[in-house]
Amino acid sequence: MRLSLAEPKYLKESISILSDLVNEGRFKITKDAIELVAMDPANVAMVIFKLLSSSFVEYDVKEDMEIAVNLSNMKQILRRTKSNDTLTLELDSKNKLLMELRGHTTRTFSLPLIDIEGKEQKIPDLTFSSTVETGADILNDAIEDVDVVGESVSFIADKSTFTISSEGDLSNANIVIKAGDETQIKCESDDKIKSKYSIEYLKKMIGGSKLSEKGDVLIQFGKDYPLKLTYTTLNKVQLSFILAPRVEND
Amino acid sequence: MRLSLAEPKYLKESISILSDLVNEGRFKITKDAIELVAMDPANVAMVIFKLLSSSFVEYDVKEDMEIAVNLSNMKQILRRTKSNDTLTLELDSKNKLLMELRGHTTRTFSLPLIDIEGKEQKIPDLTFSSTVETGADILNDAIEDVDVVGESVSFIADKSTFTISSEGDLSNANIVIKAGDETQIKCESDDKIKSKYSIEYLKKMIGGSKLSEKGDVLIQFGKDYPLKLTYTTLNKVQLSFILAPRVEND
Amino acid sequence: MRLSLAEPKYLKESISILSDLVNEGRFKITKDAIELVAMDPANVAMVIFKLLSSSFVEYDVKEDMEIAVNLSNMKQILRRTKSNDTLTLELDSKNKLLMELRGHTTRTFSLPLIDIEGKEQKIPDLTFSSTVETGADILNDAIEDVDVVGESVSFIADKSTFTISSEGDLSNANIVIKAGDETQIKCESDDKIKSKYSIEYLKKMIGGSKLSEKGDVLIQFGKDYPLKLTYTTLNKVQLSFILAPRVEND
């Protein structure tokens, strides 16, 4: 295996966000892509990461393989890449992942492979009754707005409006996003569709906006149903998150 | 009541500074202005804030009224305003203050009104024997300079010179500001006028320089007498602080 | 004694770095220069600082003298200098060092002189078998790279290559710098020359890069032998560090 990235930022940004949610990650390396699917330790959020072979300048994979590493260690090494470095990933003879950063100088880091118990995570088969496509900045701002007042946030959609709303102990916040040039809303119900999610998790997930080529985000959810956020750079990288709803007795 | 600000920064910056000195604030809303007068919990400093009706694009006040809020909660909401947002303040039916931020999207926050015990603060009637008008940056730098060496600072004026001075346990600092183009000094005594103040309080107050249109500050004090600092943007906002002197037995 | 600097940054940056390694410093003031030689409290590192008389706009020293101050207090005062301030050093009658910052206003700080016990530090007579001259940025990056994986770092040189390498408990890092336009390597042995040093100390020392006029650093070391780093601005300032090797039983 020998994989070279001329734009290490796709891997760097992704792992930086993933490592905030997941400690250890098992990468599946196929002829098409590097993929990682993992649950956070509390079993509330799933991350789905795919870096396509077309984003590499060299992509030599003889057979499908899996390698697992500590994501926080990997993040620290990736932080050391500069924008004009070429990053090459290889396996050495001692069961380590070699990460070579070639720029002004050549810097090589080696990272031990680890064993992850348990089976491969399966991506759940979800059907969303509501889909919103909007600017990633709009979602980022809204999550930071509701973070001022509460711990959980409601996503509410009807055919013309997407509302993000939070009720704190004292203050409330309400963000109204209308369908229009910048925001497309699809809603399969005539009633409002509403579900509640953790702001703490969402704050980590919206970091994915850095991976969106056009600065947009795909938001999919349903009534008291999981939320899926997807950030994409076409033909290069896709980062999705699935977040369980908060169902409260009220 | 319905009040709209096209430049929310005047309210945002003021509340940010006020909330460092005072926890809760009672605003008096009249046909002319929104005003707040409050003492800090230690009874050492008074803040006097006035936002004139002419700084609003919409100012609909039927009758004089008073509303009180937690300033630190208000600050957190105001932090979310962007420079091109229009901020509208209204009261809802549930005894809450509605703060609407209208920009790219419309975001509404509601903040509970609170009860503040005690009478309205009266602004004391002070007569200052010394008045200095100088660049707010000059005062800011001087306070940061003396902060390196001590806890209290002396303001000393004669007819030609304004001196800011601090003696620490080890080091001393002395800043000499001469009357001239940038600094006007009025002093009603032939002797030096000197008084001592807390650096900790002054560090909070000099944040008012953000509200000075021309970048200047009015400094008024007397011999072992309170200090008054005033920052003004003409026809828009005025923020003043009164600080008790430190009288030491030496 | 009266010494004036039109570019206080040389003293400001130097003392800021020195005070991270040494608490108290004894300056030797001669007709040619201000010099300071000091060991860190753990006796692992020596700092050698020289600010030449030619970097001063006024340099009036009647006779050689020594003054000692707390470097961290001195750093705090120097932090208050602005780039267009002229800094003048004098002794007052009360055994204090007067530091006058003259810019827009005149600010005077006084700093007590202290007694330092013990004899003057002597600079050890060292002979280095390996000398590398390279970009200060290259060394800075390499030290930050190895800091990701370990606590100590090996400097390894042969006639064509300078390698910086660290083995952590888990990960390793290896930076290869080849002789060329930007890097000159002299090595007096046909074998590789290798020695180990503390990364924690090196991280403090590489701050010296701010004092290098051309952005370069002189790196001198030997087999299991002290390291010397030197940063220079010609005719103005020179800052060197000597660091003891880490000799481990392996």
Side-chain angles (χ1 to χ4, degrees), chain A residues 2 4-5 8-9 11-16 18-20 22-27 67-116, chain C residues 130 132-185 192 194 199-200 202-203 206 209 212 214-217 219 229:
Chain A
R2 191 177 153 90
S4 294
L5 278 164
K9 70 168 179 174
L11 190 62
K12 181 181 182 175
E13 298 290 1
S14 300
I15 300 303
S16 170
L18 292 182
S19 68
D20 271 356
V22 179
N23 301 326
E24 302 181 329
R26 176 157 52 185
F27 293 91
I67 60 170
V69 296
N70 178 301
L71 291 179
S72 146
N73 289 351
M74 193 182 206
K75 177 178 80 169
Q76 284 185 293
I77 294 173
L78 286 168
R79 260 195 197 154
R80 298 297 309 149
T81 61
K82 308 194 165 191
S83 55
N84 55 349
D85 279 342
T86 294
L87 168 66
T88 299
L89 304 176
E90 274 185 295
L91 291 180
D92 78 354
S93 53
K94 293 171 194 158
N95 218 24
K96 294 209 169 188
L97 176 65
L98 288 183
M99 300 174 69
E100 187 190 86
L101 283 53
R102 192 182 293 268
H104 220 57
T105 52
T106 298
R107 299 122 78 200
T108 313
F109 292 86
S110 70
L111 189 65
L113 300 185
I114 57 176
D115 288 325
I116 294 188
Chain C
S130 179
V132 178
E133 212 172 331
T134 189
D137 283 356
I138 291 177
L139 180 64
N140 290 5
D141 276 342
I143 298 303
E144 284 164 32
D145 283 342
V146 293
D147 188 38
V148 168
V149 305
E151 290 188 356
S152 70
V153 59
S154 296
F155 280 31
I156 307 157
D158 59 27
K159 290 184 188 298
S160 68
T161 311
F162 173 46
T163 304
I164 293 175
S165 175
S166 178
E167 292 190 19
D169 290 342
L170 300 169
S171 312
N172 301 331
N174 214 48
I175 297 96
V176 176
I177 302 161
K178 301 226 168 266
D181 287 350
E182 200 169 6
T183 304
Q184 283 79 48
I185 301 175
K192 280 184 190 300
K194 177 176 172 179
I199 293 176
E200 196 191 337
L202 284 165
K203 277 164 67 183
I206 57 175
S209 58
S212 169
K214 297 182 190 163
D216 56 355
V217 54
I219 305 165
L229 297 183

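Every chain is numbered from 1 and lettered A, B, ... according to where its sequence line falls, protein lines coming before strand lines. What you see is a predicted model, and the numbers here were worked out from it, not measured in a lab.
Sparse packing is recorded around NZ of C/Lys194, with 12 or fewer heavy atoms of other residues, nucleotides or ligands lying under 6.0 Å away. Within a 6.0 Å radius of NZ in A/Lys75, more than 12 heavy atoms belonging to other residues, nucleotides or ligands are found. Within a 6.0 Å radius of NZ in A/Lys9, other residues, nucleotides and ligands contribute 12 heavy atoms or fewer.
Rounding to the nearest 0.5 angstrom, the gap separating the CD atom in C/Glu144 from the CZ atom in A/Arg107 is 9.5 Å.
At a heavy-atom separation below 4.5 angstrom, chain A is approached by C/Leu170, C/Ser171, C/Asn172, C/Ala173 within residues 162-173 of chain C. Residues of residues 175-184 of chain C lying under 4.5 angstrom from chain A, judged on non-hydrogen atoms, are C/Ile175, C/Val176, C/Ile177, C/Glu182 by number.
In this structure, the portions of C/Asp141 lying under 4.5 Å from any heavy atom of chain A include both its backbone and its side chain.
Put simply, of C/Val148, C/Val146, C/Val149, C/Asp145, the one with the most heavy-atom pairs under 4.5 Å next to chain A is C/Asp145. Of the listed residues A/Thr105, A/Leu101, A/Asn70, the one with more heavy-atom pairs under 4.5 angstrom with chain C than any other is A/Thr105.
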